[in-house]
Amino acid sequence: MPNNKGHFISVKSKRFMKALLAVLLLVSMSFSWLPQAHASVDPVIHIGEVSGKPGDIVEVPVSYDSKGSEFSFYHSELSFAYDSAVLELVEGDKVVNRQAYENYQGVSLTEDTSAPGYISVIMTTQNFIQESTALYSLHFKIKESAAIGQSSVALHAGALVEEFDPFQVTGENGQVTVLADVKPVGSVVVYIGSEEGKAGDKVTLTVDTVALSQPIGSYGVRLKFNPAALQVTDVTGSPGIRHHANNETGSLIVGWSDENGGLSPIPAFETYQTLFKIEFTITSNAVAGEYPVEFVNETLLEHFTVTDTDGIEMHKQAISGDITVVGEPTTPTTPTTPSNPGSSGLGSSSGGSTPTSPSASTSEKITLNVTNERNANVVVSTTIIERTTGADGRKKDVVNLTAEQTSRAIESLKKAGSNIARIMIPDEKDEVSELNVKLPAKSTSLMADEKMNLYIETDNASLQLPANSLKGLGSDIFFHLVPIKDAAGREAVEQRIQKDPLIIKASTDPADFRLVGRPMTIETNMSSRPVMVVLPVRDKNLTQKELDKLQVFIEHSDGTKELVKGKIVKFNGTDQPGIEFEVTKFSTFSIILMNGGQSSAYIQGFADGTFRPNQAVQRAEMAALLSRILPSGSDEAAHNRSYRDMPVAEWAREAITKATAAGYMHGNAAGDFMPGRSITRAEMAVIIERILKTQEATAETTAVPNEAADLTQHWAREAVQRVLAAGIMSVSQDGAFRPNDAVTRAEAVTLLNRLVHIEPDLSSTSMWKDVSVGHWAHGAIQAASQN
C-alpha cells in the first residue's frame, strides 16, 4: 500500500503557513496607524567655511557629523582637495589637532602632502569616536596672488574604520573666501630740522620723514624762506631728485620720483630717515634772529604731495624748521641783491629786485626746574627753555633735556625714593604758539634703565611717559605741541568733527554737540608706545554731570579717527579739571560734550567709508576691542606681560597686555599670543564666560542642557553652555553652534553690545556704505561705531 504520510505532512504544513500569514497580515493592518521608523542617515565629514585676505593664515575646521547614527570609529583616513593656486599648506604646521588632543587620549596623526593640491590625514585614537565632534583643522596660507572670491576645500576620499572593515564616508564641502585686501592709506610726517650759524656761514638743513607707514614712490614740496638772510646753494638727495630755487622770492620746490618704476622706493621706517638736504648760505648782512624754513601750504597737493608706490596720496603732516643766525652781520650795510645759484632739473631763477631786511628776532633763555612729583618744591635738576620770537611775532619754545641734566635728576629722585620727574613748562601770558621738547636717546635710555617716569606739563596739555615706553627707543625723540588758539582754527576743527560719522547721525540735533576748550595738536616720532595725555577742561561752568559726559575726539595722522572716554582728574595737580586718556599714536585731540550720547564708540570703520562686517576679527583686534569697552587688569601686570610674537602687532601691544592682565585672553604655552589668528566662536564664548565671571550679577549663571549638535565633547563645551544660558550667544536655526567658525566684525560688536548692555541704534540712515539699513547687524554696528 502506498505511503501517503509525506504528502499528508506537506499539506498540513502548507495549511499552517497560510494561517500564519493571514494572522500576520491582520496584525499589520491593525497597527498600520503607528508611525514608521526612518532609516538612519549615514554620517559625514563636515568641512568648515572661513575667510581671509591674501597673506592670511586660516584654519579650516574638519569635524565628524554622526547625523544621529550609532556608528563609531577609532581610525580615519581622509584625503582633502584644495586649489593650490589659492591656498598653500603652512610648512611645519599643516594640521592643527588641538581639539582632538583635548577630547581623546593616545591620538596619533600622520599626513601626506606629496600630491599637489591634496593632503591626506590619518588619525587614530585609543577611544572610540561615537558622536559628532571636531577632529582637527587644516592649516592654510592664502597666497598673495589669490583672486578674490570663494575657493572650495572638499573631501576627496574618506574612510572610517569601526573595527576591521572601512566605511566609505562622504563629505560636506567647505570653502575659503578670499576677501579684498584693501591697502590702507599710508601716513608720513615730514620734518624740517633746525640749525644755527653766523653771517656768511654755510648751513645744511635736513628734511626727514618720521613715522613713515608705507614706502614712498614720489613726493613734492614747496618751501619758503627769507631771502634777505638765506640763500639756497644746493639740494641733494636720492637719485631722481629735482629742485628749483628762487633766491629772489625765497621759494624752493623739491620733487622726487622713483626712477626704477616703483622698485626702489623710500622704505617705510618709524624713526628718522632723510628725504633730502638743503644747503643754505647765510647772507653777510643777516641780523641775529630766527628765520623759518617752512611749507607754503601743506593742505594743497600742488604745494605738498607724498604718494605711495601705487600713486595713492598719503596722510601727511608737515613740521617746519628754522635757521637761527647768531652774532652780528659781517657788513652792517644795506643788503645787496643776492646772487642766484640757480637750480637743477626744473630750471633756474633770474635776477630781480632787492629784498628788504627782516625785522630782528629776539631770543631768551629761561631756566626751568625739574621737580620731584611727590614734592613740587623739591628741585632735582634744571633745564633751559629757549624762547624765540620770530620776525612774524610768533613765540616758540624749545626744551632739550640733556643726558647730564637727566642723570642729575635721576640721582636726586633715587635719594628721595621717587620715580617720577616732572617738568612744568610755563606760559603765563598764553603767548607761545608752539613747543618742541627734545629727548636725546641717552636721556630716554637713562630714564628707562632706572625705571623713571617723565611728566611733561604745560598749560595746554600734560604728557606722562612711563619708563616702559622709553625703553629701547634707540634714537632721539621729539614732541611737537601746538595749541589751536585762534577762533578760525577752532571753528574749522569743530565743523570738521560735527560732520564726522563717528559723532553725528542724520537725526541728531547739532545742538547736542559742543567743542569744549582748545583743540591740541601733538606730534611725535615715538609711535606705538603708550603715553598718558591729560588735557585741561577750560570751561568753568560745566556741571559734574556734564564733566562725566566729556569725551576726546582724536584725529590720527594716518586718517583714522577715534572717540575715547577719558577719566576726569585734577589737571597738573591743580583744582582745574582735566580729562586723562591713554594713546599710542598722536595727532589732533579735541574735548567734546555730547549731551545726547549714551555710550562711546569702541570700533572704527575704514578710511574708504566701509565697515567690512563680514571680515574676520583677529586676536589682536579683539584685544583692542576688549580694552576699549571693558575694565582692564592692573597696569603693573599689563606692562610686565609680553609675548614672543608681540612685534608683529606692536600697535596693539598695550591692549594685548591689558587683556592678558585682566584674564580675558591668554597666549599659548610657547609664549606666543598669535595676534594675526582669527577668533573662533568657541574662543569668543570662552572670553565672554571669563568676563561674566568677573561680573557679580552673572557669576552664578546656571548652564542649560547643551542643545547644539556640534558641541558634544568639544573642548569649549562648558563655556559655550554658560554663554548660551546667559543669552549672549545662540545657536543657528539648524541647532548648530559652529564653534570653529571665525567671528566676524558684525558678530563681534553684536556680542559685545549684549555683554555691556548697549542697545541697538535703529537709525534710518547707515553710517557705513557696506552696511545697509536692512543688514541683520545694522543696529549693533551703528551703536558700536558712534557716540
Side-chain angles (χ1 to χ4, degrees), residues 182-194 205-223 235-243 252-260 262-278 293-321 434 436 438 473-482 521-529 531 554-562 583-589 606-608 650-651:
V182 179
K183 181 179 179 181
V185 178
S187 61
V188 63
V189 177
V190 179
Y191 181 87
I192 304 176
S194 298
L205 282 188
T206 59
V207 179
D208 302 319
T209 63
V210 185
L212 176 59
S213 66
Q214 290 187 17
I216 295 176
S218 68
Y219 66 78
V221 297
R222 181 187 293 269
L223 307 177
V235 176
T236 57
S238 303
I241 193 170
R242 307 169 71 192
H243 76 276
L252 173 64
I253 301 173
V254 181
W256 174 87
S257 61
D258 182 4
E259 292 184 327
N260 201 16
L263 299 179
S264 302
I266 297 169
F269 207 62
E270 281 295 324
T271 55
Y272 289 95
Q273 61 178 333
T274 299
L275 286 181
F276 57 91
K277 296 180 179 180
I278 313 170
V293 178
E294 52 192 347
F295 295 83
V296 173
N297 188 336
E298 61 266 29
T299 63
L300 299 178
L301 290 180
E302 57 265 34
H303 294 322
F304 185 27
T305 177
V306 182
T307 69
D308 62 18
T309 53
D310 294 323
I312 299 174
E313 189 71 22
M314 293 189 179
H315 295 295
K316 311 176 297 293
Q317 289 186 51
I319 301 177
S320 297
E434 60 180 288
N436 286 286
K438 300 178 182 179
L473 290 172
S475 61
D476 296 351
I477 297 301
F478 77 85
F479 284 92
H480 182 63
L481 293 82
V482 181
T521 297
I522 305 176
E523 296 156 340
T524 181
N525 59 336
M526 194 179 87
S527 60
S528 302
R529 304 290 183 104
V531 174
I554 308 175
E555 300 169 276
H556 292 299
S557 57
D558 58 6
T560 60
K561 297 164 188 177
E562 191 176 1
V583 293
T584 56
K585 53 183 178 178
F586 289 78
S587 193
T588 300
F589 305 90
F606 296 86
D608 60 359
E650 187 64 37
W651 67 271

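Small disclaimer: the values here were computed from a predicted structure and weren't measured. All values below come from the heavy atoms of this structure, side chains included, with hydrogens, waters and symmetry mates left out.
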Can you name the nearest heavy-atom pair linking [X] to [Y], along with the distance?
X: Ser320; Y: Glu294; value: OG-CB, 2.9 Å
X: Gly186; Y: Ser213; value: CA-OG, 3.3 Å
X: Phe478; Y: Glu523; value: CE1-O, 3.8 Å

Less than 4.5 Å apart, any side-chain heavy atom of [X] and any of [Y]?
X: Met526; Y: Phe479; result: yes
X: Asp258; Y: Thr309; result: no
X: Val207; Y: Val221; result: no
X: Ile278; Y: Leu223; result: yes
X: Thr209; Y: Phe269; result: no
X: Pro265; Y: Gln214; result: no

**Message:** What verdict does the side-chain contact (heavy atoms from CB on, under 4.5 Å) test give for Val190 and Glu298, after you've listed the backbone C-alpha separation in whole Å, the side-chain angles of each residue and the deciding distance to 0.1 Å?
**Reply:** CA-CA 10 Å; Val190 179; Glu298 61 266 29; over 6 Å; no

**Message:** List the residues meeting side chain to side chain donor-acceptor pair (under 3.5 Å) with Thr307, not counting sequence neighbours, and say none if there are none.
**Reply:** Ser218

**Message:** Which residues pass the side chain to side chain donor-acceptor pair (under 3.5 Å) test with Thr236, not counting sequence neighbours?
**Reply:** none

**Prompt:** Parallel, tilted or perpendicular: which describes the rings of Phe276 and Tyr219, with under 30° parallel and over 60° perpendicular?
**Reply:** parallel

Looking only at atom types and distance, does a side-chain atom of [X] sit under 3.5 Å from a main-chain N or O of [Y], one as donor and one as acceptor?
X: Thr206; Y: Asp208; result: no
X: Trp256; Y: His243; result: no
X: Asn525; Y: Asp476; result: yes
X: Asp308; Y: Met314; result: no
X: Glu313; Y: Val306; result: yes

So, taking the atom named [atom1] in [X] and the one named [atom2] in [Y], what distance separates them when rounded to the nearest 0.5 Å?
X: Ser587; Y: Glu562; atom1: OG; atom2: CD; answer: 12.0 Å
X: Phe589; Y: Glu555; atom1: CZ; atom2: CD; answer: 10.5 Å
X: Thr305; Y: Leu300; atom1: OG1; atom2: CG; answer: 11.5 Å
X: Ile241; Y: Ser257; atom1: CD1; atom2: OG; answer: 10.5 Å
X: Arg529; Y: Ile477; atom1: CZ; atom2: CD1; answer: 8.0 Å

**Request:** Could you pull out all residues at least two apart from Val482 that satisfy side chain to side chain contact (heavy atoms under 4.5 Å, CB included)?
**Result:** Glu434, His480, Thr521

